[in-house]
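Have a look at the structure below before the remarks.
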There are 2 protein chains.
Amino acid sequence: MSTTPSSPVTHADRFARAREAQSVALLEDYAELIGDLHAEMGEARVADIAARMGVAQPTATKAVSRLKREGLATSRPYRGVFLTDTGTALADRVRRRHRTVVSFLVAVGVPEDVAELDAEGIEHHVSDQTLSAFDRFLSAGTPED
Amino acid sequence: MSTTPSSPVTHADRFARAREAQSVALLEDYAELIGDLHAEMGEARVADIAARMGVAQPTATKAVSRLKREGLATSRPYRGVFLTDTGTALADRVRRRHRTVVSFLVAVGVPEDVAELDAEGIEHHVSDQTLSAFDRFLSAGTPED
DNA sequence: TTTGAAACATAGCCTTGGCTATGTGGCATG
DNA sequence: CATGCCACATAGCCAAGGCTATGTTTCAAA
Ligand SMILES: [Mn+2]
Ligand SMILES: [Mn+2]
Ligand SMILES: [Mn+2]
Ligand SMILES: [Mn+2]
């Protein structure tokens with residue numbers, strides 16, 4: 001039966017996975033947002049990050065600190081926040097995934113605004129394999145174009 | 001056109017929604033689990049809850065405290081945890097949603113074990129409207145039976 | 001060149017959700 | 001009926017992610 005059981009994947013494992021996903025979720029969203037701000041306005045200031053995230057300025061500052069600690073960003077006071085190569089790669093990956101999830105939801109009949117709302121949370125729990133399934137579904141639904 | 005804009009649903013609103021969803025996620029999983037334990041073993045002991053959630057016993061105790069504070073559960077020391085009517089209703093709703101999400105993912109080509117893993121996180125971010133879309137997709141794919 | 005507002009940093013507080021270490025109550029068994 | 005073990009409670013710690021209040025820099029305009 002080719003499928004090696006290896007580990008049973010317990011109920012507890014699932015929760016551990018969800019917890020881990022949650023811990024990186026914020027970093028992903030901040031990275032994506034910083035990338036967006038650079039694309040749209042040429043720079044990413046802490047104040048703009050805070051505004052877009054809907055948090056207070058010190059909250060954004062702390063998040064940026066964590067991004068720096070994780071090697072995803074750098075920043076110089078009064079001079080904006082910059083993604084490292086790793087950070088940029090993460091942001092791009094996250095942005096593609098975000099768009100795929102939204103498109104997929106819309107494709108199965110979810111209203112666009114609702115899809116956008118739900119995707120913001122769902123995206124962080126979608127594995128590569130599930131994302132592939134979404135992609136396949138989308139290209140299957142678009143045979144000609 | 002009938003669609004009243006009312007509010008623009010800003011980027012920040014999306015994050016606020018995701019944060020809120022996350023704050024209730026654990027309560028939902030604990031409620032569902034307590035319901036499962038009652039169904040399977042006739043009672044839900046803190047030790048069993050901890051084991052299934054994959055956390056330390058005091059962590060489960062604290063979660064139960066929060067469930068009680070929110071009016072979702074009661075407990076008597078050395079006598080197990082019980083869901084209130086509200087808690088039972090929540091658990092049932094959450095369980096149905098969990099199953100719908102898993103079935104839906106499988107239906108679009110995600111391997112079962114992966115679907116189960118991803119669903120544990122995704123489920124908490126699926127709105128009623130998206131859940132309806134999933135249900136419609138599932139019944140559409142099953143015309144006869 | 002002064003100066004004042006905006007941008008940012010810092011301090012201190014809270015809740016949640018983890019953990020370990022350790023105290024205590026219940027109950028079965030000897 | 002004594003007692004020891006297991007289940008649970010409690011205390012105390014930590015990091016993350018929020019907040020407000022308040023200091024400090026920068027920069028442009030007067
Ligand atoms: Mn997101
Ligand atoms: Mn996103
Ligand atoms: Mn879950
Ligand atoms: Mn679940």
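Small disclaimer: the values here were computed from a predicted structure and weren't measured. We use all heavy atoms of the structure for the numbers below, so side chains are in, but hydrogens, waters and symmetry mates are not. Each chain gets a letter, A, B and so on, in the order its sequence line appears, and its residues count up from 1.
A:Thr100 and A:Ser103 are not linked by any side-chain donor-acceptor pair at a separation below 3.5 angstrom, with hydrogens and angles left out of the test. No donor-acceptor contact under 3.5 angstrom links the side chains of A:His98 and A:Glu28, judged on distance only. Using modelled atom types and a 3.5 Å distance limit, the side chains of A:Lys68 and A:Thr74 yield no donor-acceptor pair. At a cut-off of 3.5 Å, with distance as the only test, a side-chain donor of A:Asp29 or A:His124 sits close to an acceptor on the other residue.
A:Thr59 has no side-chain polar atom (N or O) that falls below the 4.0 Å cut-off from OP1 or OP2 of D:dG17. In terms of phosphate contacts, B:Arg69 brings a side-chain nitrogen or oxygen within less than 4.0 Å of OP1 or OP2 of C:dT16. B:Arg79 has a side-chain polar atom (N or O) that falls below the 4.0 Å cut-off from OP1 or OP2 of C:dC27. The side chain of B:Arg19 places no N or O atom within less than 4.0 Å of a non-bridging phosphate oxygen (OP1 or OP2) of D:dG17. The phosphate of C:dC8 (OP1 or OP2) has no side-chain N or O of A:Thr61 nearer than 4.0 angstrom.
The stretch residues 23-53 of chain A touches DNA chain C through A:Arg45, A:Val46, A:Ala47, each having a heavy atom under 4.0 angstrom from the strand.
Between the CZ atom of B:Arg76 and the P atom of C:dG26 there is a distance of 11 Å, given to the nearest Å. At whole-Å resolution of the value, NZ in A:Lys68 and C1' in C:dA9 are 10 Å apart. If you take CZ of B:Phe15 and C1' of D:dG18, they are 15 Å apart, rounded to a whole angstrom. When rounded to the nearest whole Å, the span between CD of B:Gln57 and C1' of D:dT10 equals 10 Å.
The backbone N or O of A:Ser127 sits less than 3.5 Å from a side-chain atom of B:Asp118, completing a donor-acceptor pair.
For A:Tyr78, taking side-chain heavy atoms from C-beta onward, the closest of the listed nucleotides D:dA9, D:dT26, D:dC19 is D:dT26. Here the nucleotide nearest the side chain of B:Ala56, chosen from D:dC19, C:dC19, D:dA9, is C:dC19. Comparing atom distances between the B:Arg66 side chain and each of C:dC19, C:dT16, D:dG18 picks out C:dT16 as nearest.
Residue B:Lys62 is the one, among A:Val55 and B:Lys62, whose nearest nucleotide of DNA chain D lies closer to the 5' end (criterion: closest heavy atom). Looking at which nucleotide of DNA chain C each of A:Pro58 and B:Pro58 is closest to, the 5′-most match is held by A:Pro58.
Within a 6.0 Å radius of CD in A:Glu112, no more than 12 heavy atoms belonging to other residues, nucleotides or ligands are found.
Between B:Tyr30 and A:Phe15, a ring centre-to-centre spacing not shorter than 6.0 Å is recorded.
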